[in-house]
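Comments concern the structure below.
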2 protein chains.
Amino acid sequence: MASKDRILRLKEETRCNILDASLKIVKEGGWDALSMRKIADEIEYTAPIIYEYFSNKGAILLELTRKGFLLLAKDLEAAKSRHRLPAKQLEAMWLAYWNFAFAEKELYQVMYGVETSCCEMAKKMPESELPMDLIWDVIVELMTPIMAPHVPTEDEICIKYYTFWSVIHGLISINMVNRGTSDETNHEVLKTAISGIIRSITG
Amino acid sequence: MASKDRILRLKEETRCNILDASLKIVKEGGWDALSMRKIADEIEYTAPIIYEYFSNKGAILLELTRKGFLLLAKDLEAAKSRHRLPAKQLEAMWLAYWNFAFAEKELYQVMYGVETSCCEMAKKMPESELPMDLIWDVIVELMTPIMAPHVPTEDEICIKYYTFWSVIHGLISINMVNRGTSDETNHEVLKTAISGIIRSITG
DNA sequence: TAATTTATTTAACACTGTTAAACGGTACAA
DNA sequence: TTGTACCGTTTAACAGTGTTAAATAAATTA
């Protein structure tokens, strides 16, 4: 009877090994590098054995995604527990969110659909800077008369531009990946965010 | 000699056809559905001739990406030209950016690395709502004492949450696809954005 | 020890991107 | 006209992918 337990324990262990091996491969070579045969190699089995533990490759990704959400939630709770004031708690939690994204980059990618393999492309393409240049100019125009005769520095413009871009691109990707909220909420977020940043420039 | 021109014109046309066929396939079945053989089917050729026009599949994606940036730039310029005041121009341009993302969803995805195939996963996973719930609670706590005895509505909380989330997730994904800036700028954007939204709550 | 169940692998299928070789036809020189 | 060089195109193949069914090895049970 005890042998049954031992076997079950072993099965649970190799299941865990599969997940660990997967994450290891992804961390070494990105999500494109993850294949069933490579996982099998890593755990010193052949590929079909994996299907005894996961119905398909997607089930592995799903399990890693779940682990990611649990880990993130743990970090958020820890951050919250370090403060008493809600304002301080919020600040700490979003900072923890930020840190998690880069500490567990691969998990964050699969959790929220951030594709990095396409980044090589736009890097060597001058056209990719066109949108930024166009908006950059208008931000400069908006800042200059206010601060006259002080000319805004690169950094000052940069911060404003990335604040704009982040909130809008963020809302877009959230909606594309997860179907965020209602259209009304989206436009409310958009409008108040944009006018808020503009106000922060014009005083 | 004119036949040379005709041939060159035909070559340019099939090159264009390849790009059109690719975009058509992607719009019908997503980026995963795009394969060299399907493109060949669409233009009524066999796969290897595509390599006469593009060195590899990546070159096709790159060309579509370039088209996307040009199209977006055109939209931004058009939006700008419709206003005179820089503040109004900025507002219109970011709205145009937003509209472009959904009008040319597939192009936006490849331009900025937005992965949608993973969205099926997190949908049926209760853990994916854990982070939101944790932060949601703190936002409620932050809003309640201010508006007392008025209890904040679902919508009011939602707007604040998504504003937070958008700017932070946006900044994260922008940095992951390697279009980000310096660490100092990042943290400046983060800190000012977070404290700005908190101030917009606490008055 | 023999039979049966379980664990694991081998082989295969249908895909993928990509390349080399073969084929068909056209253009041009002898 | 014939031969040859070229060009466009296809066929065949390779290595890789996820996945499944069948064959085999190992362990357990009778």
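Quantities reported herein were computed from a predicted structural model and do not represent experimental measurements. In what follows, chains are A, B, ... by sequence order, proteins preceding strands, each numbered from 1.
Distances shorter than 4.0 Å separate none of the side-chain N or O atoms of B:Thr46 from OP1 or OP2 on D:dT9.
Within the 4.0 angstrom heavy-atom criterion, no nucleotide atom of any strand lies near A:Ile60. Nucleic acid contact for A:Leu10: none, since no nucleic acid atom lies under 4.0 Å from a heavy atom of the residue. When heavy atoms are screened at a 4.0 angstrom cut-off, A:Tyr45 is found touching the sugar-phosphate backbone but no base atom.
The NZ atom of B:Lys57 sits 15 Å away from the P atom of D:dT17 (whole-angstrom rounding). Atom pair B:Ile43:CD1 and D:dT9:P shows a separation of 9 Å (rounding to whole Å applied). Summarising the geometry, the separation between CD1 on A:Ile50 and P on C:dT10 is reported as 14 Å, rounded to the nearest angstrom. Following rounding to the nearest Å, A:Ile39 (CD1) and D:dT19 (C1') show an atom-to-atom distance of 13 Å. Between the CD1 atom of A:Ile49 and the P atom of C:dA7 there is a distance of 8 Å, rounded to whole Å. B:Glu52 places its CD atom 11 Å from the P atom of D:dC7, with the value rounded to the nearest Å. Distance, B:Tyr51 OH to C:dA20 P: 12 Å, rounded to whole Å. Counting to the nearest Å, the C1' atom of C:dT8 and the CD atom of A:Glu44 are 14 Å from each other.
One finds no salt bridge joining A:Lys67 and A:Glu104 here, because no Lys/Arg side-chain nitrogen approaches an Asp/Glu carboxylate oxygen to under 4.0 Å.
The base of D:dG16 is not paired with the side chain of A:Arg37 by any donor and acceptor separated by under 3.5 Å.
Here the side chain of B:Pro48 is nearest to one of D:dT9, C:dG17, D:dT11, namely D:dT11.
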Worked verdict on B:Tyr97 versus A:Phe164 for ring pair (Phe, Tyr, Trp, His ring centres under 6.0 Å): CA-CA 11 Å; B:Tyr97 187 99; A:Phe164 271 120; over 10 Å; no
What's the verdict on side chain to side chain contact (heavy atoms under 4.5 Å, CB included) for A:His169 and B:Ser173, showing C-alpha distance, side-chain angles and the deciding distance? CA-CA 9 Å; A:His169 170 69; B:Ser173 16; 3.8 Å; yes
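Comparing B:Ser55 and B:Ala33 along DNA chain C, the residue whose closest nucleotide (by nearest heavy atom) sits nearer the 5' end is B:Ala33.
If you look at A:Phe69 and A:Tyr112, their ring centroids are closer than 6.0 Å.
With a 4.5 Å cut-off on side-chain heavy atoms, A:Ile139 and A:Ile135 count as touching.
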